[in-house]
Amino acid sequence: SIAIYRAGDLQLRAGHIKDGWTQLWRVITEWPDEGSGADALGLLVADGRGRDARALADQLAALLTSLAETQIADNLIWALADLYEHELANPSGARAFYDRIPTEYPTSGMRDDARWHAARISREIKDPKGAAARLRALLATREVALGAGSYFSIWLDDAQLELGKVLRDDLADAAGAAAAFRQLPEHYPASILKDDALYELAVTLDNAGDHDGACRALGELAKLSPDSKYVVRGKERCP
């Protein structure tokens with residue numbers, strides 16, 4: 001499978017598109033449970049997205065039916081989501097594909113990334129409730145990781161900060177937003193976003209009329225992150 005993948009790669013580089021694609025499709029269909037299958041899919045998508053993205057997406061969707069129980073299935077769904085969002089300009093369709101990964105392939109290495117992108121798209125298409133639901137589902141994996149001793153997703157602190165912004169700016173839930181911002185430095189003390197969260201907490205409290213609470217949050221920010229860019233802004237709010 002590796003030899004055929006490399007042959008397909010060389011054919012593409014040499015401009016022999018038909019022969020290259022034939023070799024790469026063969027790797028995907030005959031060895032879908034090997035790493036070379038995912039590598040071949042990556043090459044096909046990179047090469048095909050600028051040719052006929054609609055035809056490529058149709059081929060991938062047809063292939064997914066027969067390979068749904070293989071290791072490459074989540075990669076196929078990810079590729080479809082990527083094509084739908086960018087080349088096919090169908091964000092709702094892209095979100096639907098991203099949503100399938102944590103549901104149908106909960107052990108996929110792309111599970112958390114899929115939730116993050118589905119939440120991002122939800123906010124872009126003016127569905128803040130959908131964004132909040134997906135962010136909360138992503139944040140819930142922290143409790144699973146704590147109990148099982150597995151890894152923490154790299155998106156957790158991002159999701160915590162984003163949830164606060166969605167609740168405050170899109171859903172007018174100041175109390176919920178404040179709680180979300182407070183949790184970030186508590187749950188992720190090593191995060192580079194903890195000063196962002198404390199500043200957003202201060203803004204949220206100040207806007208809600210709790211100026212003293214805002215100043216306390218800014219004071220905590222200055223102690224935790226004295227070099228933060230938000231310290232100067234904090235002094236402007238609370239001299």
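You'll find the side chain of Val231 reaches within 4.5 Å of the side chain of Leu221, heavy atoms only. A 4.5 Å side-chain heavy-atom check between Tyr98 and Ile121 finds at least one atom pair inside the cut-off. Counting heavy atoms from C-beta on, the side chains of Thr141 and Arg115 come closer than 4.5 Å. Looking at heavy atoms from C-beta onward, Glu200 lies out of side-chain contact with Leu184 at the 4.5 angstrom threshold. Contact annotation: the side chain of Leu139 never approaches that of Gln183 to less than 4.5 Å [non-hydrogen atoms, C-beta and beyond]. The closest side-chain heavy-atom distance from Glu30 to Ile4 is not below 4.5 Å. The shortest distance between side-chain heavy atoms of Lys165 and Phe181 falls below 4.5 Å. Side-chain contact between Arg142 and Gln160: absent, with no pair of heavy atoms (C-beta onward) separated by less than 4.5 Å.
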Item to check | Intermediate values then yes/no, side-chain contact (heavy atoms from CB on, under 4.5 Å), Asp74 and Arg111 | outcome: CA-CA 9 Å; Asp74 56 343; Arg111 176 199 64 187; over 6 Å; no
Item to check | Residues Asp169, Arg123; criterion side-chain contact (heavy atoms from CB on, under 4.5 Å); working and verdict | outcome: CA-CA 11 Å; Asp169 301 337; Arg123 199 174 185 195; 3.9 Å; yes
Item to check | Verdict with supporting geometry, His187 and Leu156, side-chain contact (heavy atoms from CB on, under 4.5 Å) | outcome: CA-CA 9 Å; His187 288 177; Leu156 285 177; over 6 Å; no
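Side chain of Arg26 to backbone of Thr22: no donor-acceptor contact under 3.5 angstrom is found. Remark: the backbone N or O of Gly50 is not paired with any side-chain donor or acceptor of Glu87 at under 3.5 angstrom. In this structure, Asp33 contributes its side chain and Gln71 its backbone to a donor-acceptor pair below 3.5 Å.
In terms of heavy atoms, Ile72 sits closest to Ala38 at CD1-N, 3.8 Å. Contact record, Ala131 with Ala119: CB-O, 3.5 Å, taken as the closest heavy-atom pair. Between Phe97 and Ala81, the shortest heavy-atom contact is CB-CB, 3.7 Å. What you find for Pro185 and Ala197 is that their closest heavy atoms are CD-CB, 4.2 Å. What you find for Ala174 and Thr204 is that their closest heavy atoms are O-CG2, 3.7 Å. Considering all non-hydrogen atoms of both residues, Leu64 and Ala73 come closest at CD1-O, 3.8 Å.
Of the candidates Leu12, Val27, Leu60, Ile28, Leu44 forms a side chain to side chain contact (heavy atoms under 4.5 Å, CB included) with just one, namely Ile28.
With rounding to the nearest 0.5 Å, the separation of CG in Asn90 from CD in Glu85 is 10.0 Å. Of the inter-residue distances, the one linking Thr70 atom OG1 with Glu34 atom CD reads 11.5 Å to the nearest 0.5 angstrom. Atom OG of Ser36 is separated from atom CG of Leu43 by 11.0 Å, given to the nearest 0.5 angstrom. The structure places OG of Ser228 at 7.0 Å from CG of Asp196, a figure rounded to the nearest 0.5 Å. Atom CG of Leu218 sits about 8.5 Å away from atom CG of Leu198, to the nearest 0.5 Å. Here Arg6 contributes atom CZ and Ser1 contributes atom OG; the two are 10.0 Å apart, rounded to the nearest 0.5 Å.
Between Trp155 and His117, the ring planes lie perpendicular to each other; the angle is over 60°, past the 30° to 60° tilted range.
Counted within 6.0 Å of CD1 on Ile17, heavy atoms from surrounding residues, nucleotides or ligands total more than 12; the atom is thus considered enclosed. Other residues, nucleotides and ligands contribute more than 12 heavy atoms inside 6.0 Å of the CZ atom of Arg54.
Hydrophobic clustering, with ILVMFWY side chains joined whenever heavy atoms are under 4.5 angstrom apart, keeps Leu135 apart from Met110. A continuous path of ILVMFWY side-chain contacts below 4.5 Å connects Leu224 to Leu201, so both sit in one hydrophobic cluster. Connection of Leu76 to Leu56 is established within a shared hydrophobic cluster, with ILVMFWY side chains joined at heavy-atom distances below 4.5 Å, either directly or through further cluster members. A single hydrophobic cluster is not seen to contain both Tyr105 and Trp116; linkage of ILVMFWY side chains at heavy-atom distances under 4.5 Å, directly or through other members, places them apart. Follow the hydrophobic side-chain contacts under 4.5 Å out from Leu88 and you reach Ile125 in the same cluster.
Of the N and O atoms on the side chains of Asp195 and Ser225, not one donor lies less than 3.5 Å from an acceptor on the other residue.
One finds no salt bridge joining Arg216 and Asp212 here, because no Lys/Arg side-chain nitrogen approaches an Asp/Glu carboxylate oxygen to under 4.0 Å. Salt bridge present: Asp99 and Arg134 bring a charged side-chain N and a carboxylate O closer than 4.0 Å. Ion pairing between Glu186 and Arg182 fails under the 4.0 Å rule for side-chain N and carboxylate O.
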